Peer 1: 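I am attaching a structure below and will ask some questions about it afterwards.
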Amino acid sequence: MTTQTTSAAADTTAPTTAPAVEIQGLSKEFAGHLAVHPLDLEIRENEFFSILGPSGCGKTTLMRMITGFETPSSGRVRLGGVDVTDVPTRNRDLNMLFQSYALFPHLTVFENVAFELRVRRVAKAEANRRTTEALELVKLGHLGDRKPDQLSGGQRQRVALARAVVSGPKVVLLDEPLGALDQQLRKEMQYELKRMQREVGITFIYVTHDQEEALTMSDRIAVMSEGVVQQVAGPEDIYNRPETRFVAGFIGSCNLLDVQAPAGAEGEEVAVEVPGVGALRGVLGETVPTPRAGTLLLRPERIEVRRAGEGDGVVGVAETLTFLGEEWHLHLRVGEHLLRASVSSLVKERDLPGLAAGDRLSLSWRPQDARIVVR
Amino acid sequence: MTATTRAIHLGRQEKPKRGSLLLLIPGIASVVLLGVLPLFIVARNSFAVADDYGGITDGLTFENYAKLLDPVYSKTLLFSLGLGLLNTVVCLVIGYLTSYYIVSRPTNRQGFLLLLVIIPFWTDFLVRTFAWITILGSGGPIAGILGIFGIAGFSVIPSNLAVVLGLLYSFLPTAIFPIYASMRSIDPSLKEAATDLGASWWGVHRRVILPLSSPGILGAALLTFIPTMGVFVIPVLLGGGKDPLVGNLIVTLYTEFRNQPMGAAVSMVLLVLMLASMALVGLALKRSSTKRATTKKTEA
């Protein structure tokens, strides 16, 4: 699995410092149902790490086991090399930013942010100084006297963030923190969160179902589905080199064709037979010891579309054409399959003038853009 | 409502129509006939002079109130106040913990647990009190169990301990409901946030749950304290009537002593005590909502 390769990489690059979070064989069972299958994960120091998956994939349960709100059915959790599996939440050097923000409604913004310092009996002057600093960080220094219900959604979000980082924890976990904000504010906050994470130098674990958020903000992403970590990698690898059918389908848009994967080594160029389409070229996404059922993954924007007859690619018939501004989305009938292809507006105007539904088009792609996976 | 909103509200409204005034008559009549008038009569009687046959002669005197300073009466008043306070405090503590327990259960279990609290509450007050006589009395299960261990002749009844137990049992539901209601509206993630920020069990309660459920707690205090003072069945049945409460005193003055003006005077004192405690709670509620803002400013 990927986790083994990433942990090996971490060992060689940063052998002196322990990973911020280290998870070994962690699982959670609810009434006979495995919400999180045993998994290993390493989150590095100062990393912006996302756990991405659809609702019900186990990402929230995984996060709650890291915070200690949920007791794992098996496995260990280490924070900075220290085993905290049996340490209660309040003694774990991490804080959480809740989806609902969970600001204390009876306390002012200042008191909310100062909460942890007061609970931990930090001297008053010191606590006030650090609270003021944290409020400055989120640019809310002037609103310390307000109550949470006098703030906008975006401001509440910032207060919650200031409260989570004020004590300088090793890790901050963020549970879909932008879910309640409108589109415009989301974009702004994505940038802000990233900026603050760099500024405070704290490891962020960001839980989200929004693939775009994960891609734009993260250093690395763990994609989860049905309680299983599908792939852990950087945003570009996740998008361009998905290791499972689920990852390809969940992130971005992708053509998924059922094929019989031949035996071969990872990266080997092969041809696979797709009924009604013909032989398609692609590369093996992983080493396949014996032939087995697999999926051919092909991103719409990686398909080159030309007028039929110009090339020797696969031929399809345009069924629908949708204009999206910077690009066109095409649905192409190839045999019994419907393939999606996207063409930039420039290319369409220049190379495909007068394109209309019913036109015959030839499709081609570089072999390395068609990956064959068996998971 | 602020003055401006009220003005706007009135401005929008046309002159009340005759029909709507007619509709108010039954309501106004019942309030006046069943509430204001009897209260007025009792208030008037408390300043009147009793005749020898249980009736009332006209007259205006403060003697009835002056007599209340007599140790016989003042002792009962103080005892009632003390017992009321004790019962309220114990009810609040147990009610708070019970409510917290119920709120922490899964939503589908909460209804069942509340039902367990409500069912006895629906049962007649008198029946429940008699049940306690059976439980605590000489022939009851406690006496039976103790009998096995050779402790014979056990009976808690009559005693003040039995009175306290009876009061506690009777008023616990009225303490639980308001506290439960205000606790249920607290976002569960606030508790998790406080824990995450390092607060212990006690810290979570002191800093978050307790302040946020204070409206319910104050309401529960009111609903427990005031009725406790007026109870008269429990002290008679469980306490043997040795240490009467204000409620008993009023009943005794009206029925046995046939001294209506004195009974009325005690009733008025009880009423004033109730109003005072309501005002106190109202003040506390108002303060808890404004206090935070002001303390903040001094800190900043």
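These figures come from a predicted structure and were not determined experimentally. The analysis underlying the following values was restricted to heavy atoms, covering all of them including side chains, and did not include hydrogens, waters or symmetry mates. Chain naming here is simple, since letters A, B, ... match the order of the sequence lines and numbering starts at 1 in each.
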Peer 1: Sort B:Asp196 into side chain, backbone, both or neither according to what part of it lies under 4.5 angstrom from a heavy atom of chain A.
Peer 2: both
Peer 1: Under a 3.5 Å threshold, yes or no: a donor from one side chain and an acceptor from the other, between A:Arg78 and A:Gln24?
Peer 2: yes
Peer 1: Pick one of side chain, backbone, both or neither for A:Arg92, based on which atoms fall under 4.5 Å of a heavy atom in chain B.
Peer 2: neither
Peer 1: Are A:Arg118 and A:Phe115 in a cation-pi contact, defined as NZ or CZ under 6.0 Å from the six-membered ring centre and within 45° of the axis?
Peer 2: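 Negative - A:Arg118 is either too far from the ring of A:Phe115 or too far off its axis.
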Peer 1: Report yes if the distance between the aromatic ring centroids of B:Tyr180 and B:Tyr100 is under 6.0 Å, otherwise no.
Peer 2: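 No, too far apart.
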Peer 1: Going by atom types alone, do A:Thr208 and A:Glu213 pair a side-chain donor with an acceptor below 3.5 Å?
Peer 2: yes
Peer 1: Considering only heavy atoms, which portion of A:Leu97 lies under 4.5 Å from any heavy atom of chain B: side chain, backbone, both, or neither?
Peer 2: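 Answer is neither: A:Leu97 stays 4.5 Å or more from chain B.
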Peer 1: Looking only at heavy atoms and a cut-off of under 4.5 Å, which of A:Thr89, A:Thr67, A:Asn91 has the most pairs with chain B?
Peer 2: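 That would be A:Thr89.
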Peer 1: Examine whether an atom of A:Phe104 lies under 4.5 Å from a heavy atom of chain B, and if so say whether it belongs to the side chain, the backbone or both; otherwise answer neither.
Peer 2: both
Peer 1: Is the NZ or CZ atom of A:Arg158 positioned over A:Tyr101's six-membered ring, under 6.0 angstrom from the centre and within 45° of the axis?
Peer 2: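 Cation-pi check for A:Arg158 and A:Tyr101: fails.
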